[in-house]
Asker: 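Below is one structure. I have some questions about it.
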Amino acid sequence: MNEQTGVRPFADIDFSALNWRIGTDRYTSPEIQDLERETIWSKVWQIVGRADELPDSGDWKLYTLFDQSYVIVRGRDGVLRGFVNACRHRGNILCTEKKGHAGRFTCPYHLWTYGLDGKLIAVARPDLVGDIDKGDHGLVEVPVEAFAGFIFLTPNKDTKPLAEFLGEEVMERLAAYRLDEMTPVGMDVREALDCNWKVVIDAFSEGYHIIGVHPELLSVIDLEAGNSRHGFFGDHGMAVSPFEVKQTAECGLDAQVEGIRNLPGTFPTVAEVLPRFEELVNAYRDPSSAISFPEGVTVRTLLQQATRETLTGKGLDVSALTDDQMSDNQGWFLFPNFFMTIRAGEATTIMAYPHPGGDPNKCVWHVTAYMWLPPAVRTQYRAEPIEVTEPNSYPYFLALQQDYEQMPRQQKGLRNSGLGHMSLIREELSIARFHTVLDRYLARQSA
Ligand code: FES
Ligand SMILES: [Fe+2]
């Protein structure tokens, strides 16, 4: 692959460097899933939670992937560490709950006890144990780091540091949003879906399906390819279509203002920005209530101004964010399985994990809506994590519900062995890039 880096407009992209023809077996084949497991999941940094899930020393949670299990724990020194969830004596699993709080970990089999730093502290009945080097029998540690409030873990002890995996540009751009200060609000849901994990990633990597699946968003999202911008940062990427429609006979100023009013269904923070936005718009209405803007003022600039003023008033420091970031919804992808739409003050993350049962036609998605709230009210509004076990029982917001219904339909189609491959179109270049990166990982095995 020719390396393309930085943010560029659609017109400047070298499309020939990407894979546009994706075999359907990539979504259905157990062999390919095994290969992914070996070349991706056991190798790369992956998000396993939020740092504020484990606020106190002794707080721990499990991360499981296929049949692999890790304990992430905050130590007495405040540092987050990850350990293989298995006792160093004869391998019994150490933690069986999903999360908890402990002063130390004691294996239930023969009562070996480990500290929060993984060190073997004590063995039961030393008289029966004989000579054993405690220093050599601590829990097996795996790298864990935090960035932007997310905990990352990799099973690969020899991996490069997280900062190198993400890259400076990704870290700088994301840090400006102050994601580490955002709180899950309204939705923090995990649910098994009847589709491969990459169907989820693909579905959130293109805007082409807005015409078929989310027509209500057409009045606020500019789909014109010429206006989109794409960031290529190593294995990761960003795409953005400005929140603005061209002024046309079909979509005049009133329709655009109406489009912004409808946004809170998808972007809840807009609700608190709306009063100031309406004020700003009303200043440009004539006595008959018709809107006319002078040169340089648009629905977009007023939304940006209202957002900056409202968020600043709330206490969020938005000084590192550009005007574009005030209005536009940037779609970020961090390889392998993290997608996030983010605007100033809010974000929605979608992660897709292979299904623990090993069926490539299933996955588990974890969807969380984040908002920046003043510190004093963060606990009060924090969403409880929910595990949905009954399909179609959770009330996702409209656009997400539309995607939720669409994805299993695509998987059903992909399972037809007569299909062979998918054909990507130019607008789907983030998908093409994702699969081109995947190609590179999968090839590492056979090389
Ligand atoms: S297996 Fe854990 S103490 Fe024996
Ligand atoms: Fe969608």
Side-chain angles (χ1 to χ4, degrees), residues 69 71 83-96 102 104-115 118-130 132-134 136-140 187 189 191 193 195-223 228 239-241 243 262-263 265-267 329-333 338-343 347-352 363 365-369 396-411 424-425 427-431 434:
S69 174
V71 188
F83 301 105
V84 172
N85 184 17
C87 176
R88 284 299 302 283
H89 173 218
R90 275 175 44 220
N92 199 63
I93 199 145
L94 210 54
C95 301
T96 49
R104 52 183 54 190
F105 297 107
T106 299
C107 175
Y109 203 178
H110 315 93
L111 309 180
W112 282 25
T113 296
Y114 303 88
K119 291 204 174 88
L120 178 60
I121 303 173
V123 295
R125 293 289 303 268
D127 56 317
L128 300 179
V129 173
I132 184 165
D133 180 0
K134 286 211 190 84
D136 203 28
H137 288 81
L139 297 175
V140 178
M187 175 175 57
V189 177
E191 180 173 355
L193 303 181
C195 65
N196 185 270
W197 66 276
K198 297 182 293 299
V199 164
V200 177
I201 300 301
D202 293 352
F204 291 91
S205 300
E206 48 95 356
Y208 189 40
H209 74 272
I210 287 173
I211 51 176
V213 178
H214 315 296
E216 74 284 357
L217 294 180
L218 277 173
S219 63
V220 285
I221 295 182
D222 180 353
L223 263 187
S228 63
V240 59
S241 293
F243 260 27
N262 292 333
L263 277 178
T266 310
F267 306 106
N329 186 43
Q330 297 195 348
W332 279 86
F333 167 67
F338 173 87
F339 174 80
M340 167 171 70
T341 61
I342 186 161
R343 299 174 67 247
T348 299
T349 61
I350 294 163
M351 292 181 278
C363 71
W365 82 341
H366 184 176
V367 189
T368 311
Y396 293 106
F397 62 75
L398 178 62
L400 210 51
Q401 178 66 25
Q402 292 161 332
D403 293 317
Y404 172 86
E405 289 166 15
Q406 166 57 34
M407 291 183 293
R409 289 205 295 266
Q410 188 189 0
Q411 185 72 28
L424 301 178
I425 57 111
E427 201 278 338
E428 293 164 329
L429 84 109
S430 298
I431 303 182
F434 166 48

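All residue numbers in this chain count up from 1 along the given sequence. Counting convention: from 1, in listed order, for ligands and their atoms alike.
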Asker: In terms of ring plane angle, is the pair H110 and H89 parallel, tilted or perpendicular, where the classes change at 30° and 60°?
Answerer: perpendicular
Asker: If I compare all heavy atoms of Y396 with all of V189, which pair ends up nearest, and what's the gap?
Answerer: OH-CG1, 3.5 Å
Asker: Taking 4.0 angstrom as the limit and counting only heavy atoms of W112, give me the atoms of ligand 1 inside it, by number and element.
Answerer: 3 (S)
Asker: How open is the angle at atom 4 (Fe) of ligand 1 from atom ND1 of H89 over to atom ND1 of H110, rounded to 10 degrees?
Answerer: 90°
Asker: Would you name the heavy atoms of W112 and A124 that are closest together and state the gap between them?
Answerer: CD1-N, 4.3 Å
Asker: Among protein heavy atoms, which lies nearest atom 1 (S) of ligand 1, and at what distance?
Answerer: R90 N, 3.3 Å
Asker: Apply the test side chain to side chain donor-acceptor pair (under 3.5 Å) to residues Q402 and Q406: give CA-CA distance (whole Å), side-chain angles for both, the deciding distance (0.1 Å), then the verdict.
Answerer: CA-CA 6 Å; Q402 292 161 332; Q406 166 57 34; over 6 Å; no
Asker: Can you name the one residue among F338, F339, F333 that meets ring-ring contact (aromatic ring centres under 6.0 Å, His included) with F434?
Answerer: F333
Asker: If you consider just the N/O/S atoms, which atom of H214 is the closest one to the Fe ion (ligand 2)?
Answerer: NE2
Asker: With the Fe ion (ligand 2) as the point of reference, which N/O/S atom of D403 is the closest?
Answerer: OD1
Asker: Which ligand 1 atoms, with their elements, are less than 4.0 angstrom from a heavy-atom of N92?
Answerer: 1 (S)
Asker: Compare every heavy atom of V200 with every heavy atom of M407, then report the nearest pair and how far apart it is.
Answerer: SD-CA, 3.6 Å
Asker: Within rounding of 10°, what is the angle whose vertex is atom 2 (Fe) of ligand 1 and whose arms end at SG of C107 and SG of C87?
Answerer: 110°
